[in-house]
Chemist: 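Right, I'll just put the structure down here and ask away after.
Just so you know, ligand 1 is whichever comes first in the structure, and atom 1 is the first atom listed for that ligand. Any value given below was found using the heavy atoms of this structure, including those in side chains, with hydrogens, waters and symmetry copies removed. Everything quoted here is computed from the prediction, not taken from an experiment.
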Amino acid sequence: MDIDFWLERWNSGRTGFHQDHINPYAAYFYGEKGPPLERRKDLKVFVPLCGKSKDLLWLAQNGYQVFGVECSDRAVKSFFEENALSYKHAEKGEYGLYQNDEQVALIEILQGDFFGLEPETLDDVTDIFDRASLVALPPGMRQDYVNKIDALQKPGTRTLLVTLNFDPAEMDGPPFSVTDEEVLDLYSENFTIDKLLSKNVIDEETGLKNRGLTALTESVFKLVKR
Ligand SMILES: C[S@@+](CC[C@H](N)C(=O)[O-])C[C@H]1O[C@@H](n2cnc3c(N)ncnc32)[C@H](O)[C@@H]1O
């Protein structure tokens, strides 16, 4: 599941993973349960494999600095254009750097390969929101993804991680099922892990139900880098 796979998905409009609503866990844990508004300007949320997620905009509108990485320039431009945000574009090595013109808090998106990021790229990141990123990757890529994201972050960085659990025999990914046990295997060496909640979402996820799933659970974890 290399970058060409994803570019083809964006170019052919097969982006069923994109949600037009704000992720409810982002809204709850960074909103209602998050720090007071006046403290958020000092917090920078990294959204790996961000697509054109509306969560980027919500986080900025709710006071956080936002930083995403996404391989598809179509996705990145769509994010700014569909949300009527004017933006600047510059070349930064092998990446395109897109930044809004600050109608809301700063939103920066690096367009390029997550796996090529340098550690200093995330220097001022305090938080990471992972929805549909780890679960977008097949089993053979997940350890590399976790090694990379681990190497990029400083001790104390908090991650809100959303995973999906289903019977893999019922549907080919992406998204892929990632069990709670696998989350422990992948992260426990260098992170403290708190499972925040687990929810049966089969009736809400009609797209995945139509692809054959008969049961689907979402789990949300808080990880803190040690
Ligand atoms: C399943 S989508 C999820 C997007 C977003 N997190 C959301 O919630 O809508 C996965 C995204 O990761 C991007 N992607 C996949 N591999 C990547 C890589 N190596 N570097 C940067 N982006 C990548 C894809 O283009 C796609 O937009």
Chemist: Stepwise, does the ring pair (Phe, Tyr, Trp, His ring centres under 6.0 Å) test hold for F114 with Y145?
Modeler: CA-CA 9 Å; F114 163 81; Y145 172 83; 5.1 Å; yes
Chemist: Do N100 and K88 have a side chain donor and acceptor closer than 3.5 Å?
Modeler: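 Result is no, nothing qualifies.
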Chemist: With atoms numbered from 1 as shown, which atoms in ligand 1 lie under 4.0 angstrom from a non-hydrogen atom of A136?
Modeler: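 Within the 4.0 Å cut-off of A136, ligand 1 contributes 1 (C).
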Chemist: Give me the nearest non-hydrogen protein atom to atom 1 (C) of ligand 1 as residue plus atom name, then the distance to 0.1 Å.
Modeler: A132 O, 3.3 Å
Chemist: What part of C50 sits under 4.0 Å from ligand 1 if we count only heavy atoms: the side chain, the backbone, both or neither?
Modeler: backbone
Chemist: Name the closest protein heavy atom to atom 2 (S) of ligand 1, giving the residue it belongs to and the distance to 0.1 Å.
Modeler: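 Going atom by atom, the protein heavy atom closest to atom 2 (S) of ligand 1 ends up being F17 CD1, 3.3 Å.
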Chemist: Answer yes or no for K148 and F115: cation-pi contact, defined as NZ/CZ to six-membered ring centre under 6.0 Å and angle to ring axis within 45°.
Modeler: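 Cation-pi check for K148 and F115: fails.
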Chemist: Among all the protein's non-hydrogen atoms, which is closest to atom 15 (C) of ligand 1, and how far away is it?
Modeler: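 Sorting protein heavy atoms by distance from atom 15 (C) of ligand 1 puts W6 CD1, 3.3 Å first.
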Chemist: With F46 as reference, evaluate V69, T121, D130, D127 under the side-chain contact (heavy atoms from CB on, under 4.5 Å) test and give the passing residue.
Modeler: V69
Chemist: Starting from atom 13 (C) of ligand 1, locate the nearest protein heavy atom and write down its residue, its atom name and how far away it is, to 0.1 Å.
Modeler: E70 OE1, 3.3 Å
Chemist: Quick one about D150 and N190 (side-chain donor to acceptor, distance below 3.5 Å, no hydrogens or angles considered), yes or no?
Modeler: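 Yes, side-chain donor-acceptor contact under 3.5 Å.
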Chemist: I want to know if ligand 1 touches S72 in the polar sense, i.e. an N/O pair below 3.5 angstrom.
Modeler: no
Chemist: Please verify whether a non-hydrogen atom of G112 lies at under 4.0 Å from ligand 1.
Modeler: yes
Chemist: Is the side chain of E70 donor-acceptor paired with the backbone N or O of S72 at a distance under 3.5 Å, no angle test?
Modeler: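 Judged by distance alone, yes, a pair lies under 3.5 Å.
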Chemist: Hey, is ligand 1 close enough to F114 that some N/O pair sits below 3.5 Å?
Modeler: yes
Chemist: Quick check on contacts: which atoms of ligand 1 are under 4.0 angstrom from a heavy atom of W10?
Modeler: 24 (C), 25 (O), 26 (C), 27 (O)
Chemist: What's the shortest heavy-atom distance between I107 and L85, and which atoms?
Modeler: CD1-CD1, 4.0 Å
Chemist: With nothing but distance in play, are any N or O atoms of D113 less than 3.5 Å from an N or O of ligand 1?
Modeler: yes
Chemist: Is it the case that the side chain of T157 and the backbone of K154 share a donor-acceptor pair, with hydrogens and angles ignored and the cut-off at 3.5 Å?
Modeler: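 Yes; at least one donor-acceptor contact below 3.5 Å.
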Chemist: If you compare all heavy atoms of Y25 against all heavy atoms of L160, which two are closest, and at what distance to 0.1 Å?
Modeler: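 Closest heavy-atom pair between Y25 and L160: O-CD2, 3.7 Å.
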Chemist: For atom 22 (N) of ligand 1, what's the nearest protein heavy atom and its distance?
Modeler: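 Heavy-atom neighbour on the protein nearest atom 22 (N) of ligand 1: C71 N, 3.0 Å.
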Chemist: Checking a contact table here: which protein heavy atom is nearest atom 7 (C) of ligand 1, and how many Å away?
Modeler: R131 NH1, 3.2 Å
Chemist: Please write down residue, atom name and distance for the protein heavy atom closest to atom 12 (O) of ligand 1.
Modeler: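 The closest heavy atom on the protein side is L49 CB, 3.2 Å.
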Chemist: If you define the side chain from C-beta out and look only at heavy atoms, does anything of K52 sit under 4.5 Å from F80?
Modeler: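 When only atoms from C-beta onward are counted, F80 and K52 do not touch, as no gap falls below 4.5 Å.
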Chemist: Can you sort out which atoms of ligand 1 are near F115, meaning under 4.0 Å from one of its heavy atoms?
Modeler: 19 (N)
Chemist: So is H18 polar-close to ligand 1, meaning N/O to N/O under 3.5 Å?
Modeler: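 No, there is no polar N/O contact under 3.5 Å.
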